[in-house]
Structure formats: structure tokens, C-alpha cells
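In what follows, a structure is listed as C-alpha cells, so that the remarks can point back to it.
Note that the structure is predicted; figures quoted are calculated from it, not measured. Throughout, protein chains are lettered first and strands after them, A, B, ... in sequence-line order, and every chain is numbered starting at 1.
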Amino acid sequence: MELLIGALINSLSSAAIFALIAFGYHLTFITTDTLNFSQGEFVMLGGLIGVMLSTSWQNDGALSGSARPLWNYWVVFLISIIIMTCAGVLLERFVMRPFGSGSTSIGWIMSTVALTFVIQNIAETLYGKDKQPLAPMVDGSIEIAGQAFDWQKIVNIGIVALVIAGLQYFFTRTMLGKSLRAVAFNPAAASLMGINVNYVRMVAFGIAGGLTGIAGFVLAPRAIGGGVSPSEPALVFGILAFAVAIIGGLDNLKGIAFAALLYSFASQLVQQYISNDLSRAITFVLLIIILAVKPTGLFGRTLVQKV
Amino acid sequence: MATIKPVKSTETTKESRFVVPLWTKDYAGILGVGALFFIFIFINAGIFNNGEVQRTELQILSSIGVGIIVASGLNLVIGYIGQVALGHAALVTLGGYVLGLLVARIPGEINWIDYLSVRVDNAGKPLAYNELTARESAWINTQNLLFIILLVLVGLTLILGGLLFWRYQHVRKTGGKAETHFWQKPAAMRTVTLSIWIVGGVLSLAVYVLTIVTGRKSVTGEDITDIPWILFAVVLTTTIVLGYLSQVGHNNARTYEGGIRPSFWDKPSWVGKMLAWTVGLGIVLIVLDFCLMTFSFQILQNFWAAIILGAIVTGFFGYILALPALRVKGPYLSMVTIAFGLGIYELANSVTLRPMLGSQSGMNRIPFPTSGRDPIKQVIDQPSDRPSANGELVIMVIIIGIAVVLTLYSIRSFMRSRWGRSLIALRENEIGAASVGINVTRMKTLAFVMSATLAGVAGVLNSYALSFIGPNLAVLQESVKYVTMIILGGVGILFGPVVGAVIIGLIPNILRRLDETKADSLFNMVSYIAPWLLLALLIAYFATRKNSSEGLKRIARYVLALITVAYGAITVINSGINFDEKARVWSYITCAAGAILIVTLLVWGWNYTKNLHASAIFGTALGMVVLFNSIEVYRAVLLAIGAGRGIGIKKQDIGAVNILLVLLYVALFIVAVVYTPKEVRRLTIRSIAIGFIVAIPGIYTLIIGLLNPDAPAFKPSLVELTLYGAILLFFIYLVPKGAGGLIGSFVESYFPTKRGIDRSYLHRAAPSASADAGIPDQPATTHTLAFHREKGTHAEVLKIARVTRDFKGLRAVDNVEMTLQRGDIHALIGPNGAGKTTLLNLISGLYAVSSGQIFYKGERLDGLKPYQIANTGISRTFQNLQVFGDMTVIENVMVGFHLHTKEGFWASLFGLPAVRREEKRIEAYAMELLEFVGLGDRAYNKAKDLPYGYQRLLEIARALAVEPEILLLDEPAAGLNPQEIGGMIDLIRKIQAEGVTVLLIEHHMDLVMEISEEITVLDYGKKISEGGPTHVQNDQKVKDAYFGPEVLIDARN
């Protein structure tokens, strides 16, 4: 029982991160049929903004994480979310829209992949390849069922619960959320109903960007062995989250949340019982198998082609 | 919008004497590429250089060659499937690891193969490598090789079994009408085949096990021969072949009734085929033996084995990847291939597998195929940093050069055959492609597997040339590099990958060289070279852009020439000056040249176009490029705020000239932004976008300088990735057809492609290939078409029995019964939403029936896929036109002949003469068909440029090319004017006269009433009336359906 609770809390906490990133994919996919391939880099950027703002410049000019944040932690968090939201909006306007959209164009795929390189390259030149950890949001740990858990993990779960609740509220109770769903369902009809489709798409990308800001912060704290690295791992998070989104079905919010949990739990088991360094490879095999069986994911709906 | 679509040049308006046939151009290009490649090899191999071999240059050449091979394959995926694969570097790495596993050893580790063939000394202790004799270690490798071959064969057999099983499931579902398969054959036949396979498999395994056992003993020094291995190979391959051949007799006896096309083995000439197969297998065995022998003597260590195995393994993985990802459109393929790349990286990097794959450090010291050294010995004997001999590297690069030429040749042949044509067709329109019998999924998978196989072969060559294979070759950046090559060179253009690979292949090297000397001034160098290149590209873009005015085009060409001359002159002038000075001189010259260019262009632009705005913007765009790239701007800014000490910016660096230049540029920028009229704002924004992309290195300097005034000197290679990103964005956004496309347009404008039909091919049909396939033995010589699909005797050619189709609660077609009489024109009418088109989609297989059956000449039709239905002899046109827009009209019709061309895959790949003849022949046939429908003079227009009505005619011609027994026309007269409708009536009559049964949906009642023998009326999915025109016209139910009940309208009076 104790083991189970431990595994559950651990996987909930890591599922939280995947779900946050995957929600971003979901939001933009349903509204524009596109994804941001540099989502992983956005997460890294979100975390790095936190590192940057909570870092004091050393005298020798080297950039290194400092123990003393310059500003209050939560203020930094908020700033990061705002910046990433803006980044999402800018992405839609300048990286997505000019390069064509929808599943028939490959322009946007390549433009976001190109962005991946630019972000990664610049971040790496500034911060090097090492992980940049953040101070945890909340220090200390809590004892549940005889085991100690960092508060950070609990906070992560709480944040994601809040985000899900917020998204749910946004989609069902607000006019903007409803118009977002309308655009997702039929952009042409939505625009005939007076909805500014471009605006709604920007909102979707903005929210997705904001989510990556949150994800970066949730991912980065030192307490959970986290930290954002300008090099490869951030991208891996983007891909793993995509795997999660695919498994759950890109067009199904709850499916994604469930898939994130499923994946985290499974990877905990794999890491514990099979092999630590092969767990990702196993995930990718799983992803390909699921796509082979059901291309639209476990909970996705299948589309009928019209002639 | 900047969607990436391959663009074929169509500028043929210019009068020119140099009209060149297409194949001449292609072959000239391939020969040119090959010649250049080999000239560079010979230069660097020291022929003109006192025998001094330039190793670095040769390695760059080899990496460019590998890039060309991989990108050419990838071009099939991006250009024709229309999806981006981002895992080709992983496939290349996979090929490399296949080679590595065959020939490389990880020092201090026992190779996985060694577990299977451990040699022991007399006391039973395993022998160390250096205790083995050369002969013994070679023996181990032989064994390894054959073991792998065995594994692959077993794997292939399993796959084959799986496929057969899958097909069986499929065939069972479809009622087994499409093709006859293994599991449908009589039980006795199955038993024979299976027992041959099982016995043979067991036998070959036994041989293998026996040899392992004897092999263990033979270490003591007994003489060993290759005989058991050859025996083993012979037994296994013969088994498989015999197993297959045992089915031939049965298939051959099958009848062709039902219009189903016979499959490969059904041909009367199957004996010949069998002989061919046997000879082919014999050759394979000889090659295998050759490999073994040469391998034993260490002449061509595993070269062929590695190439073949690399191709098979990567092809297999390509198949696995293609299977799920190609089923859905969108970003899935990209993400899945990225995931695949990460998976390969993780595997290769994994600590668990270190003994096998060498983890992070990979496998190095892969011997050259010609080195003649024993790989095992080499690990022990050779110091880790001992470079391999120069001569071997030269030979390796020559091998790569040959591979490049072969790749280009075979891809060219492939793309100019029926296979390539159907690939292009499915890129343009999948539904249209399926409607003429192209198996879309299979073609896509084929293209993907081809590209994967090429990547594997390239990977093997690459690892030979590098003497190394490691996980870092599999990262996403490498994959994107290949994609960048294609986008840079031009998507879907044959020579695009060549252009792209050359440019991309040179970049890292230039950057690395720049790193070596003083960074600051060299960084300047980069930024001064870049604007020249970008200027040239930008101008080339304007010069070839469709909607540029003639004046603008002319200016662009002049300026392009000017830049080339200026660049050459500056290079000459600078060659004597030392490097730092050069950079400085360059800086001033660039700035001055930028200003002069702007002024010149303003003047020229005004003179030629009389359009001040256009010229102003054009000039400003160029100015922006220079502005954002000018390091002086950043110097000034950094100096002003006291930053940038670390990158060596000093007070004296900024002079009055620079400040003036900066001010000039800023002023121009403001003018551009403020005075841009609406019509050209888009262009201005684009120009500024270029400016920003070009500015990336400069902005980068600025950021670094701002963040840390004392930051260490900048290394150009640090921005390598950013550079790739910038190139990608630049080309996708501004030059969608790529540099190769631009070059192609230039070539096309000076050497237009020769076009024309050789009608003599009409009289040179190849009856042997078409005797039973429906292609006329006596070719048509008049404009009357001869349809040679074997017609059955069924009077009721199509029977629809109680067919229903539901769409989630909406019953679109409700229990419809209908029969088509042979030779009739049968119309299907009804108000909008009556379910007419749905019914047509059910017949042509686009939708599955919810219940009920459709019979075609007494056989079940429902459940078949659209391409299978086209195969049986039913073709159709579409209400929403599904033409292949970017192909020419005649190519559209040639696609229609897909089912009636028999060019095999390998024949097409090798570009055999028979393939060329058949191409010519169907081109002539297509022309006949176009003349039949009245589009003869439009043959070389692009389909999308045709007026609406002509596109309808084109669809009919394409559908007729399938040589159908039943032609389904979905609103052929929609959008036509009365005169055109008259023509359509004549055309449909002509088609009927050819013996084709026509089912027609139409809203033009006069057309329907005039030509139909039988009319079926649908309303709300139900059949409400049926009969001749007069019967239907007088049917009250029909009147009610059209005009509503209770209302009596006589529209005619």
C-alpha cells in the first residue's frame, strides 16, 4: 500500500509535467490543425526565464544560478507565464501563419523545427549544456503514509489540477472558450458567426505558450532533481509529451490527462524493474505500436473523409 | 501562402533555338554532377598537386556525396508523399551500425557475436583476440556474417508469413474476389508449400547448427572450407523458391473472368519468369560466395554484405515507420520519425548495450573496404589515432561518387516511369489517384521504404568514409540537415538535393575554419560574405518570380551579373591583403556597395518600371539586408553603451563613415516603412523579414555584448544550428521552389524542354506485355477508341441490392435497388441531398456500405478499396473535381493508364529501354484520348490552369484511360454553358458507342432526358421512381419530390 501510494504520487507529479505540455499540443491542434514542434524548447525557455530573472549577475560576468532570487519567486513565475504567453502569440503570428497551416502544409512543421534550433542554439551559447536548476517553489517535504515527499511534488500536482479546472471553466463557461471550441469544430462556420478566427487561434497559441511557461517552472526546481537544460533533454520532454498526446488522442483533453498518468506510471515501473536507460526507447516503441493500431490515439475520434 | 509545393517550370513562352528534350537535360545534369564530383576527387587526390592528398577536402566531398544520396531519397518522401520525415539521420546511423557490428570491435569488450562463437583453448578458457590466428579470426567473421544473413532470412520469412496472414484476413473480409492468395488455395497445395518450407527451414538450420559445432572444433587448426556455408545458403534459398513455385501451377489455371487483372505469376510466360528468378538467385548465390571468398582473403571485407544488410535493415525499419504514420495526414510522420531518431539515439547511447554498440564513444576504427586488414587484429595492432592510408580514402570517395551517380540515375528513371508518375499524382490528389487504380498506401510505403533503404546504404558508405559510427550521428539536427538540403535545393526537384547537399555540406567546414583564426574579424568575414549571397538569392527570386514585372526581372538579371563581377573583383583585390585587413576592407566595400546598389536600383527601377514604389521597395529591401548585417551597426551600438569589450570592439573601430552609413540605412528603413503603399506592403514586410533573418548573427553579437561586456570572443561555429534554422526559414518563406528550382527556371528559360508526341509508337505496341491485360494488340489508328477490357456476357452489368448507408443517424442511402444494363446510359437524378453522390461513392468504394450488396457482373463489389474497384473496370469522375493540378493535362491522362502499364519496379529503377518505349506509347495513347474528348490542343497546359469545363473533360479522359466497362459521371455538365452541354451530350454518346456503360448524375434535365435509356430517381435516400424518360417525367412522386406535394407546376408551359 505504501509502495503504491509512493508510486502514485511520483507518477502523478511527473504526469503533471507531461499533461501540461501535451495540453498545449491539444489546444493548438484542435484549433489550427498545427502543433508547435518547438514546444519542448518553449518549456526550456520558460524555465530559463525563471533562472534568468532569479539570477544575479556575477562580477566575472558568468551566468550561473544563484541561491538568492532577485525577485519574489511567485512574481518571477507570473512574469515567466506572461512572457511565454506572448511568445505563443508571436509564434502563431510570425512562425505559424505565414508558413501555411493545416495538415496539408509542411511549411509550419519546418518553421517550428527551425525555431527549435534557434532557441536551443542561443540558449546553449548563453547557458552551456548543463542543467540550470531553480530553487523550489516550496521548501521542505511532507510525510505521507510513512514516506517523505518533497512539497514541490505536491505543488506540481496542485498546479496541474488548477490548470485542468481552469481550462475546463474556460472552455465551458466563457464566451472565448466557447468560440475556441467552435473554431475547433468548424472554422468556416465559426467565422461566419462573427468569430475572429485568427484572434481565436492566437489565443490558443497564447494559452499553449502560457502552459509551457508553467511547465518550465514545474520542471525546473532543484528539489525534484529538475532543472532546464538548453540542450537535448528539453526537446525530449516535448517529444515525450507528444507521445502522451498521441496516445491519449490529440483531440481529447481528458484522454491526454489519462494517458499522461498511464505513461508516467508505466515508465516508473519500467525504470524500476527493467532498465533505466532504455525506458524512453520503450516509450517510442509503444508510441509506434499504438499509432499502428489506432492512428488517432486511444481516445481520439476518427474522421470521415468527404468527397 | 508559402506552402511548399514542388514547382515545375512552365516558362516556354520565350523563343529559343535551344529546344532540348527532357531526357537530354536529365542525363546532362547527372553526368555534370558526376563529372564535377570526380574532378574534385582527382584534384584532391593529388593529381595536380604533386601527389599531395587533401584529406579534409576528400572527407567533405564524401559527406556531400552521402548527403546527396540521403536527400535524394528523402526528396521522395517530402516531395511526393508531402510529409516531413525527421528521422533520416537515425536511418543513416542504423546503416552505420550494421556495418559496425559486422566489422568493428569495441576494445576491451567481447562482441555479441563472440558469445555465439567463442573459441576456447585446450583448458576450456576463452581465447583472447590476439591469440587467434588471422585465419581463425576471419573465420569468426565469416560465421558472423552468415549468421546475420540467416537471421535476416528467418526474419524475412516471418514477415512474409505475417503478411500472408494479414492478406488472408483482408481477402476473407472482402470475400476473396480481388486476388487469390496462399490461404485460399486448395489444401493440398498449401500442404505441399508448407512442408517444403518447413523441411527446408529445418534442414538449413540443421546445417547451420552442425557447422557451428564443427566450427568450434576447427579452431584447433583443421582446414576449413566455405562449403557448408554455401550449402546452407543454397538449401535455404532453394527452399523458399520451391515453396513459391509450388503455387504457380494453381494460379496459372485461374481464369480472368470478372475483369480482374492477373497477378505476376498468372502470366502465360511464368516459365520464363521462373527461369529468370532461378538465374537471379544463382547470381545472388554467386555474389554471396564471392563475398565469402573475398572476405576470407580480406580483400573486400564485408563490403557487399554490409551494403545489402544495411539496405535490408533500414528498409525494414522504414516499412515499420511508414506503416502507421502514412495512414494519417498531418504531423504524425514527423513526430514518429523524431521519436524513432531519439529511440535509436537512446539505444546507441545506452550503457546497457555498451559492449555491443560502444555507448557514447561509438565504434571507431572501421576499416576501409579495401584496406585488406583483419578487423579484429586491427583493434589490437593499430594505435587508436593511426590514420588510414590516403589511397584508401580516395577509393572510398570514388565509391561514394559512383553511388551518387547511380542514385541520381535510378531516381530519375523511377520518377519518369509509371511509378514516379503515380507518386506525383497521389501527391496532387489522393482520391483522384485511387480512382484510376493506384494503391495509394502501397505507393507511399514504397517511396518511404526506398528513401530509408537509400539512407541505409548511404549510412554504410558514410561510416566507411569516417571510419566511425556513433550515437551523435542520429540526433535530430542531422535529420533536419537533410531536410534543409531539400528545402534549400527545391522540394521534388531531381537536382535539388545536389544543390542543397553541396551548400549544407560546406557550411560546418567554413565555420570551423573561421573558428581557427581570430574570431572577431572572421565573424566579420561571415557577415560580409552572407549579404552577397543573400543579395544574389533575393535578386534571383525577383528575377524568376511569376508576378514580377518584366522591367523588374531585367533589373534583377543585370544586378545579378553585377554582383557576380563585383564579388569576383573584390576577392581578387583582397587576396593580397592579410586577413584582418581583408575583413576591414571588406567591411567598407560592402557598406559602400550597398549604398551604391540602392541608388542604382532606385534609378534603374524608375527608368524601367516607371513604378517608384516598386523600385523603392526593391532597393530598400536590399538596403535592409546590408543594414541588418552590417557589423558596424552593432559595433556602434555596443560602443555607445560601453559593452563588447570581450569581442574586441574598440573606440577607434567606429568612424564617421560608419556612423553616416548607419544613419543612411536607418533613414531608408523609415522611408520604407512610412511610405509603403498598401499594394506592396506585403513585399516590404517580407523584405524586413529577410533583414531580420540575415541580422541573426548581428543581433546575436548584440545580445552577447549586452549581457556581458567581457564575454569571450565569439566563435562562428557556435551559430551553426541557428544558421540552418535561418536557411530553412528563408527558403520556406521566400524561395519556396528552392535554389535548385531557381536554377531550373533559368535553364528552362534558355533551354526550353522539347515537347511532342511520337505517334509512331502507336503502331509499335508491345503485345507481349499487354496480351492479357487489356491493352489493344491492334493499336487505335483512328480517333475512335478501342476498349479492350474483356467484356463479360452479363446483361446486368451492375446490380445494387438493398444498399443502405448511414452517417451517424442520417440515412443517406436507404435500401436502394438498382440495375445497370450493359451498354445503357443510366441517369441518377433527384433533388439536392437525395443521396446520389453517396450512392456513387458506395459503388466506387470511397464509402463502405452499411448494409446490402453491390454486384458487378455477378461478383461482390462492396468491401473493395477504390483502387481495387478501378481495377475491376469501373472508373469515375467527381463532382468536386479531383484533377492533378500541378501536372500537365497529358500527364493527368497518362496517370489514368496506370493499370495498363506493366513496367516493373526494378525495370523502372534501372531505366530499361522497354520502360522508355512503354512511356512513349502511353503518351501517344493519352494524346489520342485527349483528342477524343476534344482537349488535344491543351495537352501541355497545367491541369489547374484549364477552365472549369475543360477540367471536367480532362477527368473524363482520365477515367476513360482506365478503359472502364462502367463509367460513373458525377454531374459532368455542372457549370457548363448550353453550348458546352451540347458537346457533353455528344461526348457521352460517343463513349456509349464504344461499348461503355454509363451511370450519370446530372441536374440538367434536358441532357438527362435526351440521352438516358433509364432513369432512377432518388429522394431522401430512397428510390422513388425508375424507368424511361417519359415514365419518370410523368411520375407524380417525382414531381412531388422536385416541386413539393400539392403544388402543380408545369415548368414547361
Pairs of heavy atoms under 4.5 Å with chain A: top-ranked of B:A339, B:G343, B:G725: B:A339

A:S264 and A:S14: CA distance, side-chain angles, deciding distance, side-chain hydrogen bond (donor to acceptor under 3.5 Å, both in side chains) verdict: CA-CA 6 Å; A:S264 304; A:S14 73; 3.3 Å; yes

A:F29 versus chain B, the contacting section by heavy-atom distance below 4.5 Å: side chain

Chain A contact via B:V84 - side chain, backbone, both or neither, heavy atoms under 4.5 Å: both

Under 3.5 Å side-chain donor-acceptor pair for B:S435 and B:R876: no

Contact check, side chains of A:L35 and A:W108, non-hydrogen atoms, under 4.5 Å: yes

Proximal component of B:L86, with respect to chain A [non-hydrogen, under 4.5 Å]: side chain

A:F242 and A:Y25 aromatic ring geometry - parallel, tilted or perpendicular at 30°/60° bounds: perpendicular

